[in-house]
J.: 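One structure, pasted below without further comment.
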Amino acid sequence: MDNLTSQPAHLRLAIAPGVSSSQLSALLALQRAEEPEVSIAFFEVAGDELLDGLREGLYDVGVSLQGSSDPALQTQPLWIEHMAVAMPLRFPLLDQASLTIADLQDYPIFRWRAETCSSLDHRLLSHLPADQQNLQYVTSFEMMALWVSAGYGVGVSAQSRIKRAHGWGISMRPLDDGPYEIVTHLHRPQGQANSVSERFERRALQIAKSVAS
């Protein structure tokens, strides 16, 4: 049995952009409550860099929206986020309870690249007029919300993020021609016994189960 107080315990945690903040916050709060003696070093890195760092031993655990079939890594899906449409509070489509991608083709659409959803982006590109620059990418959800709340177009992002931004002057409508989903994954190096990482993974799965129930 591990003697958790015999020596300082550390966890090098890499986090990629786009991971849902509410579930991650709940996971980190649970980690802190159950193992306050474990110090966590955070690294904010892009998806490919995160996976490379795990292979090279730079990180103990990674959390990202990117799946992996690399046999050198152990990958677990955690929680799922559904994508939705963010609109200004005064907008022609507000009278509709839900929307499709086709409904958006006449409006500028803002997307945050970090929220990787290949099925959504493929559908967006296939429906937008070829001679117009309707799809615009932004560097953060906050930047997307800024343009949307100011009335410059609509945004497509995770439902939970849009709901939390209601106070910024944004309404949310679900997309019903999907499913369009982003999945958060937990990654660990395969075959490396690390009790701190294993316990962190168990807590992540616990949070994922509570979200799904």
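Throughout, residue positions are numbered sequentially from 1 according to the sequence presented. None of these values were measured; they are calculated from a predicted model.
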J.: Does Arg188 pair with Asp60 as a salt bridge, N-O distance under 4.0 Å?
T.: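 A salt bridge is absent here (no side-chain N lies under 4.0 Å from a carboxylate O).
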J.: Find out whether Gln190 and Leu73 are in side-chain contact, i.e. whether some heavy atom of one side chain is under 4.5 Å from a heavy atom of the other.
T.: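 Result no, sub-4.5 Å side-chain heavy-atom pair not found.
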J.: Does the side chain of Glu201 reach to within under 4.5 Å of the side chain of Gln76, using non-hydrogen atoms?
T.: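 In contact.
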J.: As an exercise, state the distance from CG of Leu78 to CG of Leu27, rounded to the nearest 0.5 Å.
T.: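 Atom-to-atom, Leu78:CG and Leu27:CG are 8.0 Å apart.
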J.: Show your working on side chain to side chain contact (heavy atoms under 4.5 Å, CB included) between Tyr180 and His82 and close with a plain yes or no.
T.: CA-CA 6 Å; Tyr180 304 115; His82 297 277; over 6 Å; no
J.: Are any non-hydrogen side-chain atoms of Leu94 and Met87 less than 4.5 angstrom apart?
T.: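 When only atoms from C-beta onward are counted, Met87 and Leu94 do touch, with a gap below 4.5 Å.
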J.: Check whether any side-chain heavy atom of Phe200 sits under 4.5 Å from a side-chain heavy atom of Leu13, and report yes or no.
T.: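 When only atoms from C-beta onward are counted, Leu13 and Phe200 do touch, with a gap below 4.5 Å.
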J.: Hey, what do you get for CH2 (Trp79) to CD1 (Ile207), rounding to the nearest 0.5 Å?
T.: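 Trp79 atom CH2 to Ile207 atom CD1 measures 7.0 Å (nearest 0.5 Å).
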J.: Are any non-hydrogen side-chain atoms of Arg90 and Pro92 less than 4.5 angstrom apart?
T.: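 Result no, sub-4.5 Å side-chain heavy-atom pair not found.
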J.: With no hydrogens and no angle check, just 3.5 Å: does a side-chain donor-acceptor pair link Ser157 and Arg111?
T.: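 Absent: no donor and acceptor within the cut-off.
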J.: Side-chain contact, heavy-atom cut-off 4.5 Å: Ser160 with Glu81?
T.: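 They are in side-chain contact.
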J.: Using modelled atom types only, decide if a donor and an acceptor are shared between the side chain of His10 and the backbone of Val196 within a distance under 3.5 Å.
T.: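 Not at all, since once roles are kept as given, no pair shorter than 3.5 Å links the two residues.
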J.: Please answer: with hydrophobic residues joined when any side-chain heavy atoms are less than 4.5 Å apart, are Phe91 and Leu89 in the same cluster?
T.: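 Looking at the clustering, Leu89 is in a separate group from Phe91.
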J.: Verify the distance criterion only: is there a donor paired with an acceptor across the side chains of Thr100 and Asp103 at less than 3.5 Å?
T.: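 Checked: Thr100/Asp103 side chains pair up, N/O donor to acceptor below 3.5 Å.
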J.: List the residues meeting ring pair (Phe, Tyr, Trp, His ring centres under 6.0 Å) with Tyr137, not counting sequence neighbours, and say none if there are none.
T.: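 For Tyr137 there are no ring pair (Phe, Tyr, Trp, His ring centres under 6.0 Å) partners, ignoring immediate neighbours.
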J.: Side-chain heavy atoms nearer than 4.5 Å, only ILVMFWY residues, links allowed to pass through others: does that put Leu28 and Val19 together?
T.: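 Leu28 clusters together with Val19.
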J.: Evaluate the side-chain hydrogen bond (donor to acceptor under 3.5 Å, both in side chains) criterion for residues Ser149 and Trp168: first the C-alpha distance (whole Å), next the side-chain angles of each, then the deciding distance (0.1 Å), finally the verdict.
T.: CA-CA 7 Å; Ser149 63; Trp168 302 356; over 6 Å; no
J.: For the atom pair CE (Met83) and CG (Asp121), what is the distance rounded to the nearest 0.5 Å?
T.: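 Nearest 0.5 Å value for the CE-CG distance: 7.5 Å.
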J.: Look up atom CG in Leu50 and atom CG in Leu58, then write down how far apart they are to the nearest 0.5 Å.
T.: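 It comes to 10.0 Å.
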J.: Step by step, would you call Arg202 with Leu205 a side chain to side chain contact (heavy atoms under 4.5 Å, CB included)?
T.: CA-CA 5 Å; Arg202 287 200 296 270; Leu205 293 172; 5.7 Å; no
J.: Set out, in order, the CA-CA distance, both residues' side-chain angles and the distance that settles side chain to side chain contact (heavy atoms under 4.5 Å, CB included) for Ile109 and Gln136, then state yes or no.
T.: CA-CA 6 Å; Ile109 301 171; Gln136 301 182 46; over 6 Å; no
J.: Give me the atom names and distance for the closest heavy-atom approach of Asp177 to Ile101.
T.: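 Closest heavy-atom pair between Asp177 and Ile101: OD2-N, 3.1 Å.
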J.: Any idea which heavy atoms bring Tyr107 and Leu93 closest together, and the distance?
T.: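 In this case the closest contact between Tyr107 and Leu93 is CE1-CD1, 3.8 Å.
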J.: Provide the closest heavy-atom pair for Ala86 versus Met144 in the form atom of the first, atom of the second, distance.
T.: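 What the structure gives for the nearest pair is CB-CE, 4.1 Å.
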J.: Could I get the full list of salt bridge (charged side-chain N to carboxylate O under 4.0 Å, His left out) partners for Asp48, not counting sequence neighbours?
T.: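 Asp48 satisfies salt bridge (charged side-chain N to carboxylate O under 4.0 Å, His left out) with no other residue.
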J.: Could you walk me through whether Thr116 and Gln66 pass the side-chain hydrogen bond (donor to acceptor under 3.5 Å, both in side chains) test, one step at a time?
T.: CA-CA 8 Å; Thr116 305; Gln66 187 173 334; over 6 Å; no
J.: In terms of side-chain heavy atoms, does Ser64 have a donor or acceptor partner in His185 at a distance below 3.5 Å?
T.: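 No.
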J.: Which heavy-atom pair separates Cys117 from Ile182 by the least distance, and what is that distance?
T.: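 For Cys117 versus Ile182, the nearest heavy atoms are CB-CG2, 3.9 Å.
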J.: Membership question, hydrophobic clusters at under 4.5 Å side-chain separation (ILVMFWY): are Val138 and Ile162 in the same one?
T.: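 Both belong to a single hydrophobic cluster.
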J.: What orientation do Trp147 and Phe110 show, parallel under 30°, tilted 30 to 60°, or perpendicular over 60°?
T.: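 Parallel: the ring planes of Trp147 and Phe110 meet at under 30°.
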J.: Decide whether Leu120 and Val154 are clustered together by the hydrophobic rule: side chain heavy atoms of Ile, Leu, Val, Met, Phe, Trp, Tyr closer than 4.5 Å, transitively.
T.: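 Yes; tracing contacts between hydrophobic side chains, which count when under 4.5 Å, links both residues.
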J.: When you compare the side chains of Ser195 and Glu198, does any donor N or O come within less than 3.5 Å of an acceptor on the partner?
T.: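 The criterion, which ignores hydrogens and geometry beyond distance, is not satisfied for Glu198 and Ser195.
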J.: Working to the nearest 0.5 Å, report the span between CZ of Arg161 and CD1 of Ile170.
T.: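 So the CZ of Arg161 and the CD1 of Ile170 are separated by 12.5 Å.
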J.: So, are Glu35 and Arg203 salt-bridged, with charged N and O less than 4.0 Å apart?
T.: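 Between Arg203 and Glu35 there is a salt bridge, with a charged N closer than 4.0 Å to a carboxylate O.
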J.: What distance separates Ile80 CD1 from Ser20 OG, expressed to the nearest 0.5 Å?
T.: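 So the CD1 of Ile80 and the OG of Ser20 are separated by 12.5 Å.
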J.: Search all heavy atoms of Leu65 against all heavy atoms of Ala114 and return the closest pair with its distance.
T.: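 Closest heavy-atom pair between Leu65 and Ala114: CD1-O, 3.3 Å.
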J.: Would you mind reporting whether Arg164 and Ser22 have side-chain heavy atoms less than 4.5 Å apart?
T.: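 Side chain of Ser22 against side chain of Arg164, heavy atoms only: contact under 4.5 Å found.
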J.: Show the numbers, then the answer: is there a side chain to side chain contact (heavy atoms under 4.5 Å, CB included) between Gln159 and Met172?
T.: CA-CA 7 Å; Gln159 275 192 16; Met172 188 274 291; 4.2 Å; yes
J.: For the residue pair Gly67 and Leu51, what are the closest heavy atoms and their distance?
T.: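 Looking at all heavy atoms of both residues, the shortest contact is O-CD1, 4.4 Å.
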J.: Between Arg199 and Glu34 (salt bridge meaning N to carboxylate O under 4.0 Å), is one present in this structure?
T.: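 No, this pair does not count.
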J.: Hey, does Leu186 have a side-chain heavy atom less than 4.5 Å from the side chain of Thr75?
T.: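 Contact flag for Thr75/Leu186 side chains = no.
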J.: State yes or no: do Leu99 and Leu124 share one hydrophobic cluster built from I, L, V, M, F, W and Y residues joined by side-chain heavy-atom distances below 4.5 Å, directly or via other members?
T.: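 Yes, it is one cluster - the side chains of Leu99 and Leu124 are joined through contacts under 4.5 Å.
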